[in-house]
Amino acid sequence: MDFKEFLKNAAHVVPSENQLRHLRETPFYAFIHFCPNTYTNLEWGDGTEDPAIFNPTELDCDQWARAVKDAGMKGIVLTAKHHDGFCLWQTKYTEHSMKNSPYKNGKGDIVKECAEACKKHGLKFGFYLSPWDRNSKYYGTDEYNTYYKNQLTELLTNYGEIFYVWFDGACGEGPNGKKQVYDFEGYVELVKKYQPNACIFHDTGTIRWCGNEAGMAPFAQWAVVPKELCPMNPPQTEGALIDGSLEFLYNTDITIGSLQNIMYSKGLVFAPAETDMSIRPGWFYHENEEPHSLERLFTTYLNTVGNNSTFHLNIPPMPNGKFDPRDLNRLGELGNLIRTEFKTNLAECVDFEILEGYGETQPEYIIKLNKKEKVNYVEIAERISEGQRIESFSIRTKNKDNAWDTQKRCTTVGSRKIVKIDETVTDEIKITITSSRDVPDIEWIKVY
Ligand code: FUL
């Protein structure tokens with residue numbers, strides 16, 4: 001295979017319908033971490049917690065859903081079970097669950113309440129079922145995979161449409177000191193069987209981890225990545241241009257989809273990044289912690305939703321089962337800021353003109369506004385259903401002397417890129433694609 005053919009193949013690796021739906025309909029969604037840790041003030045429970053301590057006396061899933069919606073998020077992923085093994089639903093397979101919580105005299109089902117609140121408010125619903133279980137007596141034996149699959153089946157079949165199943169890679173010791181060999185292949189099979197429209201977060205799934213929990217953006221955000229990262233996804237290209245091995249690669253590599261990496265890969269898959277982060281330092285509620293600043297959360301929004309990644313923002317309920325007023329306030333501010341900053345698309349109804357630029361893989365786009373306007377952001381989207389191609393581009397604006405000021409030089413576009421520029425008054429914006437793996441296919445350009 002020559003280099004040109006290799007590049008062309010890379011430019012035509014495409015998402016599945018589920019991935020496309022996830023990127024387009026659900027770029028921003030909530031995580032909710034809630035379990036006995038909420039009552040012990042810990043991040044990881046060891047599984048010996050008494051279920052009686054789990055008692056959310058004012059549980060209000062409706063409040064969660066309203067707040068999540070208000071912040072502009074499109075769904076909720078609930079920790080149905082975290083590493084301590086306590087189950088937030090009426091499972092048949094363990095007593096370490098709601099059955100032994102005082103909440104509703106052991107008849108409570110928080111997965112159900114949360115799923116129903118999501119439905120009522122038009123949000124999607126998904127769950128996190130931790131494979132690492134520090135309570136189960138089966139952990140570390142083959143029986144555990146059966147136990148886990150039974151629980152997974154309950155969650156996949158009793159709570160309506162599931163948009164997302166979040167598998168965690170953590171694999172520590174169980175109560176008998178043994179580690180578990182997880183049957184991820186079997187888990188994924190069950191999700192496909194019962195919820196064929198769900199996306200799966202995991203190396204074996206369809207959405208991959210961005211590599212950090214701080215909301216940090218990589219150098220260039222590619223959804224087309226080496227197969228070695230997502231071993232169960234069939235590769236869409238034939239394999240390496242240069243013989244080598246990328247077995248050492250992990251999601252933390254900030255140039256994961258770059259040419260110098262993919263040339264050695266055993267084939268390429270489409271696996272978009274998710275950036276997960278908590279609104280506070282911890283995943284679980286700790287009274288003495290404060291939510292992150294509005295600026296940090298909004299910057300993370302730009303680094304994720306505006307950078308070819310999804311944003312999975314965690315909000316931990318308090319022991320009484322409600323969100324902390326400080327978090328509610330911050331979520332409200334975030335939603336308002338997103339709505340205000342992206343209220344009016346100044347480029348709407350204004351055709352963008354394609355100039356020839358420097359050849360067909362380096363076109364230029366001119367966006368003419370109806371009049372001179374204050375411009376703060378430029379948003380570009382590739383027709384991601386056809387693949388990700390653009391490696392780099394620049395944004396220029398016409399100044400009062402009719403000359404072009406370079407505002408930003410950027411890497412990758414993908415499903416959506418939002419570029420913040422210093423507020424500029426202009427009526428013409430020029431976007432030059434400086435490098436692309438094939439002829440770019442732009443789905444939209446918006447200006448705010
Ligand atoms: C990690 C877990 O160990 C943390 O407790 C948290 O749930 C985070 C989202 O995933 O792997």
Side-chain angles (χ1 to χ4, degrees), residues 22 26 28-49 54 64 68 73 75-89 96 110-111 114 125-136 139 148 151-152 155 163-175 179-180 182 184 187 199-216 229-230 250-252 272-286 289 291-292 297 300 303-304 309-319 323 327:
H22 196 74
T26 331
F28 185 25
Y29 42 96
F31 225 161
I32 293 188
H33 275 65
F34 193 33
C35 87
N37 294 347
T38 312
Y39 300 84
T40 53
N41 207 23
L42 292 175
E43 280 291 305
W44 282 3
D46 65 9
T48 59
E49 297 78 14
F54 187 89
W64 301 353
V68 160
M73 292 184 257
I76 291 180
V77 178
L78 176 67
T79 52
K81 175 180 92 168
H82 201 250
H83 307 329
D84 55 80
F86 180 81
C87 299
L88 290 190
W89 76 103
H96 198 59
I110 296 182
V111 174
C114 186
F125 176 72
F127 59 84
Y128 166 3
L129 183 69
S130 169
W132 186 22
D133 188 322
R134 303 177 85 183
N135 175 269
S136 172
Y139 195 84
Y148 186 88
Q151 294 198 322
L152 189 56
L155 292 170
F163 89 104
Y164 203 28
V165 178
W166 210 92
F167 289 132
D168 185 55
C171 179
E173 291 173 358
K179 285 195 179 179
Q180 178 71 35
Y182 300 131
F184 273 114
Y187 309 164
C199 270
I200 300 170
F201 175 88
H202 191 254
D203 300 352
T204 57
T206 43
I207 308 288
R208 68 182 173 88
W209 190 41
C210 74
N212 69 82
E213 292 177 345
M216 269 166 56
L229 279 178
C230 310
Y250 195 54
N251 276 330
T252 44
E274 169 187 295
T275 306
D276 59 335
M277 181 178 137
S278 187
I279 196 168
R280 293 156 166 255
W283 290 102
F284 287 91
Y285 186 76
H286 309 290
E289 288 184 353
H292 295 309
L297 293 175
T300 307
N303 279 343
T304 55
S309 164
T310 59
F311 185 14
H312 197 180
L313 177 64
N314 178 65
I315 310 103
M318 301 186 287
F323 284 167
D327 297 339

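Order of appearance sets the numbers: ligands from 1, and atoms from 1 within every ligand.
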Donor-acceptor pair, distance only, cut-off 3.5 Å: does the side chain of Tyr182 make one with the backbone of Trp132?
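Yes.
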Testing the basics here: between Ile110 and Leu78, what is the closest heavy-atom pair and its distance to 0.1 Å?
O-CD2, 4.0 Å
Could you pull out the closest heavy-atom pair between Glu49 and His96, with the gap in Å?
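The answer is O-CE1, 3.1 Å.
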Under the salt bridge (charged side-chain N to carboxylate O under 4.0 Å, His left out) definition, can you give me all pairs with a residue in residues 78-89, not counting sequence neighbours?
Lys81-Asp133
Enumerate, one pair per line, all nitrogen or oxygen atoms of ligand 1 lying under 3.5 Å from a protein nitrogen or oxygen, stating the separation to 0.1 Å; write 'none' if no such pair exists.
residue  : atom   : partner : partner atom : Å
ligand 1 : 3 (O)  : Trp44   : NE1          : 3.1
ligand 1 : 3 (O)  : His83   : NE2          : 2.8
ligand 1 : 5 (O)  : Trp44   : NE1          : 3.1
ligand 1 : 5 (O)  : His82   : NE2          : 3.0
ligand 1 : 7 (O)  : His33   : NE2          : 2.7
ligand 1 : 7 (O)  : His82   : NE2          : 2.9
ligand 1 : 7 (O)  : Tyr128  : OH           : 3.2
ligand 1 : 10 (O) : Asp168  : OD1          : 3.4
ligand 1 : 11 (O) : Asp168  : OD1          : 2.6
ligand 1 : 11 (O) : Asp168  : OD2          : 3.3

With sequence neighbours left out, write down each residue that passes side chain to side chain contact (heavy atoms under 4.5 Å, CB included) with Thr275, or none if nothing qualifies.
Cys210, Thr304, Ser309
Could I get the full list of side chain to side chain contact (heavy atoms under 4.5 Å, CB included) partners for Pro175, not counting sequence neighbours?
Tyr139
